[in-house]
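Computed from heavy atoms alone, side chains included, the values below leave out hydrogens, waters and symmetry copies.
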Amino acid sequence: MASGPPIKLYNTLTNSVEELQLEHPGRLAFYSCGPTVYSYAHIGNFRSFLTADLLFRLARTLGLEVTYVTNITDVGHLTEDDAADADGEDRMAKALQSKEGERFANVWDLARYYTGALLQDWSALNLLEPTVRPRATEHMREQIQAVETLLEKGHAYETEQGIYFSVASFPEYGKLSGNINADALDQEVREVVSDPDKRDPRDFALWKKDAKHLMQWYSPWGWGFPGWHIECSVMANRYLGETLDLHAGGEDLTFPHHECEIAQSEAISGKPFAKHWVHTRFLQVEGQKMSKSLGNFLTVRELTSSKDEGGWGVDALALRMALMSGHYRKPFNFTKATLKASVKHRERIAAAIQLLEQAEGDGPDRLGERLEGLYDRIQQALCDDLNTPEALTAVIEGLKLIHGMSKGLNRASADAGVAWLNHVNDLLGIIHPETPEATETEEDPEAAGIEALLRERTEARESRDFARADAIREQLTSMGIEIMDSAEGSTWKRRSSIG
RNA sequence: GGCGACGUGGCCGAGUGGCUAGGCAAGGGUCUGCAAAACCCUGUACGGCGGUUCGAGUCCGCCCGUCGCCUCCA
């Protein structure tokens, strides 16, 4: 159906902006690396998932048939890829021992819990469900088979402690990250190798033998668990075939994760693994790197849960908007000011929707044509290396058009406005929630009391007792409630105030 | 040391060599019993130094600075 401009994206593989090339015309095979579920995902994780979501939405609106795969890593991998000692801890094991981990019976339970939390936050941010969301633990057989194949083809070798990929057997190793010169890599770090039988410091684990690990599977090499990189190679191949059109993830994954994926997959298939690589930059919070020690580790639930629950009380779609207010490839500084601006924009959107719903009267559509032009601009901006700031600007211009028409807004124009907002939402997901979780609106526990006061104030206004009316306004304001008077009556809402 | 991204007005941020980006914040105004919302008006920025050009925020060179990866991390 729909068609539009070609999608141009920066390709890490070539260090240049290129048109997305499809292996099969009309179809997009897209893989995006998901998180390890050992704690709540933070907004940095979600910025990267959001990049994938926008690409998915964009491709769909352009009429492509998209297979969008994003995994859940529910295996606790080694904290250091090289550390192959049998007592080596992994992140899940660590999480289990931490204070938050006390309530879980075992790592499986912990993984289950944080998977659930991830899916909730995913919906709250209006991230669409992928076509397939595979889990590492459910693809163990394929992972073992892949390791066997690599051994058979001479790309891997076995030691007492595990199976390693032989980087020397894959000359193109380094083509994604530019880490071509092994000798130039920091030797101090590289020499922290616990397996003396590893042949090359660059070699990475495909399988680790460990009969004591909290998660273990039986393999031709005994009990153990898979290396971190192999799961993505396997799941991508299983659902998308040998060559992907597009592979995305956070910038930190470029090396070693994606580099190793390429090595494994191409060593097995002999074909290019992915033609286009997109990496989302890390975000900072108030100018600082986000880290637990700095206490600026922001999760979606912390920002979106109500103030009574200790959260910031931010509208989830405003958070989504804030996360796309910077370009995915530029350093992004997440600040309260940005969030505030996004909250404001969301309020404008809500006001516009109300306006459109109330519009009546005959007359020609005086909005549709101009809005369509803006839709094209949004789509073009996204096709141009996912220029979300430019896209948001066009959205705001559209809102301005709608608001600016308030008096002449007849039904036909309003219908065009509603249609436009829906189309914008298909592309950006910032207009209204599309998932059941996000649609649920909780009844405000104080609603009855507030409405009683509001009625009292209305009566006071009708009898022109403005002193009384203002006193009630004051009282509600101190409760964090804002009242809006209009010809149709008075309404209220909780004031959104950040910091 | 290697690889890469980036430096625009108080803040965020777009920008194809020549024509007002836009937003948030601020100030002023219209409307409103008051307020909110909405709308209108105001503010001349492009890290530094050279170069190319009739003309550079936009191209080239050098310098300075910020950030990321190279080690678990989205």
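Annotation: A/F49 is in aromatic contact with A/F46 [ring centroid separation under 6.0 Å].
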Return the polar atom pairs (N/O with N/O) between nucleotides 37-39 of chain B and the protein under 3.5 Å, or none.
| residue | atom | partner | partner atom | Å |
| --- | --- | --- | --- | --- |
| B/rA38 | OP1 | A/R348 | NH1 | 3.2 |
| B/rC39 | OP1 | A/R348 | NH2 | 3.3 |
| B/rC39 | OP2 | A/R348 | NH1 | 3.1 |

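B/rA5 atom C1' lies 8 Å from atom CZ of A/R329, rounded to whole Å. Rounded to an integer number of Å, the gap from A/L253 CG to B/rC70 P is 10 Å. In this structure, CZ of A/F46 is placed 11 Å from P of B/rA74, rounded to the nearest angstrom.
Residue side chain A/R281 does not reach the base of B/rC6 through any donor-acceptor N/O pair under 3.5 Å, judged by distance alone. In this model, no side-chain donor or acceptor of A/D252 finds a partner on the base of B/rG68 within 3.5 Å. For B/rC34, its base sits under 3.5 Å from the side chain of A/R473 at one donor and acceptor pair at least.
B/rC73 and B/rG17 have their C1' atoms separated by 42 Å, given to the nearest Å. B/rG47 and B/rC6: their P atoms are spaced 14 Å apart (whole Å).
Partners of A/Y40 under the side-chain contact (heavy atoms from CB on, under 4.5 Å) rule, at least two apart in sequence or in another chain, are A/R103, A/Y113, A/Y114, A/A117, A/T299, A/R301. For A/E18, the side-chain contact (heavy atoms from CB on, under 4.5 Å) partners are A/N11, A/T14, A/S16, A/H276, not counting sequence neighbours. Shown here are the side-chain contact (heavy atoms from CB on, under 4.5 Å) partners of A/M484, two or more places apart in sequence or in another chain: A/E482, A/T491, A/K493.
A/L355 comes within 4.0 angstrom of nothing in the nucleic acid, heavy atoms only. Among the atoms of the strands shown, none is found under 4.0 Å from any heavy atom of A/T254.
For the pair A/F282 and B/rA74, the ring geometry qualifies as stacking, because the centroid separation is below 5.5 Å while the planes lie within an angle under 30°.
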Inset, instruction - Would you write the dot-bracket representation of RNA chain B, where each base gets (, ), [, ], | or . depending on whether it forms a Watson-Crick or G-U pair under 3.5 Å and with which partner? - result: (((((((..(((.....[...))).(((((.......)))))....(((((..]....))))))))))))....
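A donor-acceptor pair shorter than 3.5 Å cannot be found between the side chains of A/T51 and A/S48.
In this structure, A/K289 reaches the B/rC69 phosphate: one of its side-chain N or O atoms is under 4.0 Å from OP1 or OP2.
Annotation: proximity of residues 455-468 of chain A to RNA chain B (heavy atom, distance under 4.0 Å) is found for A/R457, A/R461, A/F466, numbered in ascending order.
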